[in-house]
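Remarks on the structure that follows.
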2 protein chains.
Amino acid sequence: MNPSETSKPRNSADFFEMLRLRGNALPKRLKQCAEYVAANPAVVAVSTVAELAAGAQVPPSAFMRFCQEMGFSGFSEMQKLFREEYSQNWPDYASRLSKLRNGDAQAPQFLLAEFAEAGRTSIESLTRTIDPDALRRAVAVLAGARTIHLVGLRRTFPVATYLAYAFEKMQIPAILHSGTGNLSSAHLIGQGDALIAISFAPYTPDTIALAESAVKRNADVVVITDLPTSPLARIDAVRFMVPEVDVGAFRSLSATLTLAMTLAVGVGTQRRAL
Amino acid sequence: MNPSETSKPRNSADFFEMLRLRGNALPKRLKQCAEYVAANPAVVAVSTVAELAAGAQVPPSAFMRFCQEMGFSGFSEMQKLFREEYSQNWPDYASRLSKLRNGDAQAPQFLLAEFAEAGRTSIESLTRTIDPDALRRAVAVLAGARTIHLVGLRRTFPVATYLAYAFEKMQIPAILHSGTGNLSSAHLIGQGDALIAISFAPYTPDTIALAESAVKRNADVVVITDLPTSPLARIDAVRFMVPEVDVGAFRSLSATLTLAMTLAVGVGTQRRAL
DNA sequence: GTGGGAATGGAATGAAAATTCCATAAGCAC
DNA sequence: GTGCTTATGGAATTTTCATTCCATTCCCAC
C-alpha cells in the first residue's frame with residue numbers, strides 16, 4: 001500500500017469521483033480500464049475480470065492492477081460495490097426475523113428502524129421493477145371503466161380502502177367489495193366495469209373467486225399481487241408484482257400503497273382529460 | 001433429461017411464465033427457490049448459488065436442482081439469462097429519468113416517481129423525528145390494555161384496518177370502530193382499555209369525539225396525527241406527529257403505516273414477554 | 001406398519017475464476 | 001546509448017464456486 005493510494009470508495013459515487021480526479025494521471029492501460037468501467041458500470045456487476053479486460057482491451061492482470069490502484073484489495077472487492085448498488089443489496093430479513101423472535105426485548109425504536117428500512121427498500125424496488133407500459137394500460141383500462149370495483153381482503157384490505165377513499169374524493173364511481181355480511185357481490189360487476197384485485201400470500205380465496213368471476217363477466221381486471229406463482233397471476237389481466245419486503249411475519253405495504261396512489265391519481269387525471 | 005422437463009426459457013418473460021405455470025406443482029424446496037427468485041430477480045444476476053440458496057433458505061444442492069428443473073443445464077446458464085436481461089435494462093435508467101422529466105408530466109410513471117419520493121421522504125423524516133420515549137410509552141400502554149380500540153376514518157381508515165389485521169393475527173383483542181350504521185360505539189371503551197386514534201386534516205369530528213370520550217372514561221389513548229395544532233393533539237395522550245408528505249391533494253401513508261406496524265409488533269412482542 | 005419412490009442435505013469433485021509473480025518491454029534522465 | 005524506474009503481459013497459483021453423487025429422510029399407497 002503506497003501512500004499515493006486513495007482510500008477505498010464506499011459507493012459508486014465515491015468511485016466515479018475518484019476516477020474524475022485521478023483518471024488522467026493513470027498509465028495508459030489503467031486509463032483504458034477506467035474509461036471502460038465509466039462507460040459500462042452495469043457490466044462490471046455481472047462480468048468476470050477476463051471479460052472486462054477483454055472489453056477494455058487490456059490483459060487481465062492490468063485490470064487487476066487497476067482495481068488495486070483504485071483502493072480495493074482486488075477485483076472481487078470492487079465488484080461487490082457495483083453489485084450492491086445494482087441489486088440494492090436486498091437485506092436479509094430472514095435472519096433478522098429470527099432475531100425478532102428470539103430477542104423479545106426489542107426496543108421499539110429498533111423495530112421502527114427495521115420497518116422504515118423495509119418500506120424504503122420496497123418502494124425503491126417498486127420504481128425499478130414496475131413496467132411503465134403495464135401502468136399505462138392499467139390507467140387506460142380503469143379510466144375507461146363505468147364503475148371501478150375494488151377487492152382486497154385481510155392484509156391488503158387497507159390498500160382497497162385507500163383506493164376507495166381516493167376514488168370517492170375524485171368522484172369516480174367505485175365500489176369496495178368487503179364481504180361484509182358474507183353477501184356475494186360478484187353479480188354487481190358487468191361488462192364495461194373494471195376490477196382492481198389485490199392479494200398477497202396466503203391468497204384469500206374470495207379475492208381470487210371475485211377476480212375470476214369478473215373475467216367471466218367480461219370486465220377488465222387489474223391485479224396487484226406478490227409473485228408470478230400467485231393464483232391471481234393466472235388471471236387474464238393487467239398484472240403487477242409488488243416486491244414488498246417482509247419483516248418477521250409482517251409485510252410492509254408501502255410499495256403497494258404507492259402503486260395504488262399512482263393508479264388512483266393516474267385514473268383521476270386521465271378521466272378529467274376526457 | 002426426463003420428458004416432463006419443459007424447454008429452456010429464452011428470456012425472463014419465458015422464465016416467469018414457466019414459474020407461473022409450474023410453480024405450484026414443484027416440491028417444497030424447489031418452490032422456495034422459485035419464490036425467492038421471483039421476488040428478487042435482480043439479485044440472481046449478481047449472486048452465487050450459495051448466497052441465493054441461503055436467501056431461499058435451502059441447501060445449495062436444492063437450488064441447483066431448481067435450475068435444472070427449469071430447463072437449464074445448471075445455475076450458470078440460468079444466471080446468464082438474468083445477467084443479459086438486467087445489464088441491458090440498466091443503462092436505460094439515466095435516460096429513463098430524463099425522459100420522465102421531459103415527457104408529459106401526466107405519464108403514470110412520473111406519478112409513480114413522485115409518490116415513491118414522497119413515501120421515502122416521509123419514512124425518512126419519521127425515523128428522525130419520532131421520540132423513542134413516546135414509542136416506548138405507547139407500546140407499554142397498549143401492551144397493558146385489556147382491549148385495544150382503533151379509530152381512523154376516511155384517509156386514515158387504511159391505517160386503522162391495518163392495525164386491526166395485525167392485532168388479529170397476533171391474537172391481541174382489538175376492536176375497529178368504523179362507524180358502520182352510524183352507531184355510537186364510545187360506550188364500548190372503558191377503564192383498562194386503550195384507544196389508538198388516527199386523524200389528519202381535515203379532522204373527522206367522529207374521531208375526535210371518540211378520543212375525547214375515551215379520555216373521559218379513563219382509557220389510555222395513543223394519538224397519531226399530523227400537526228401540533230390538530231384537535232387530537234389537545235387530548236391527554238401519548239402523541240405522535242407524523243410528517244407525511246402531500247403530493248397534490250393526496251397524502252402518502254407510508255410513514256403512518258410504518259409507525260403503525262411498529263406499534264403493533266412492539267405490542268405483540270411485549271405481550272408475549274409478559 | 002411396511003415398502004417403494006421421490007425429495008432432501010451434505011460432502012466430494014472438478015471447473016472456472018481471481019490473484020500473484022516474474023520475465024520482459026517501454027519510457028525517461030543523464 | 002546506458003542504466004534505472006515504471007509499466008506490461010503471460011503464465012503459475014490459489015481460491016472460490018458450480019456441480020455431482022450418494023446416503024438418509026420423508027411421504028404416500030397399500
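This one's a predicted model, so the numbers in the text were calculated from it and none came from an experiment. Each chain gets a letter, A, B and so on, in the order its sequence line appears, and its residues count up from 1.
With dA18(C), dG9(C), dT8(C) as the candidates, the nucleotide lying closest to the side chain of P27(B) is dT8(C).
Nucleic acid contact class of S61(A) (heavy atoms, under 4.0 Å, all strands): base.
Summarising the geometry, the separation between CD on E77(B) and P on dA15(C) is reported as 17 Å, rounded to the nearest angstrom. Taking atom CZ of F75(B) as the reference point, atom C1' of dA15(C) lies 15 Å away to the nearest angstrom. For the pair E51(A) CD and dA16(C) C1', the computed distance is 11 Å after rounding to whole Å. Whole-Å rounding puts the E69(A) CD to dT19(C) P distance at 16 Å. For Q68(A) and dA18(C), the CD to P distance is 13 Å, given to the nearest whole Å. Taking atom CG of L30(B) as the reference point, atom P of dA7(C) lies 8 Å away to the nearest angstrom. The distance between atom NZ of K28(B) and atom C1' of dG9(C), rounded to the nearest whole Å, is 12 Å. Rounded to an integer number of Å, the gap from L52(A) CG to dA16(C) P is 18 Å.
Between E212(A) and R234(A) there is no salt bridge, since no side-chain nitrogen of the basic residue lies less than 4.0 Å from a carboxylate oxygen of the acidic one. A salt bridge links E117(B) to R120(B): at least one charged side-chain nitrogen sits closer than 4.0 Å to a carboxylate oxygen.
Taking a 6.0 Å sphere around CD of Q57(A), one finds it holds 12 or fewer heavy atoms contributed by other residues, nucleotides or ligands. Residue-environment remark: NZ (K80(A)) stays at or below the threshold of 12 foreign heavy atoms within 6.0 Å.
Contact annotation: S76(A) side-chain N/O to dA17(C) OP1/OP2 distance is not under 4.0 Å.
No side-chain N or O of T207(A) forms a donor-acceptor pair with one of S199(A) less than 3.5 Å apart.
If you walk DNA chain D from 5' to 3' and mark each nucleotide with an atom closer than 4.0 Å to a heavy atom of chain B, the marks span dC17(D) to dT20(D).
Judged by distance alone, with hydrogens and angles left aside, the side-chain atoms of E244(A) form a donor-acceptor pair with the main-chain N or O of A255(A) at under 3.5 Å.
Geometrically, R29(B) does not engage F66(B) in a cation-pi contact defined by less than 6.0 Å to the ring centre and at most 45° from the axis.
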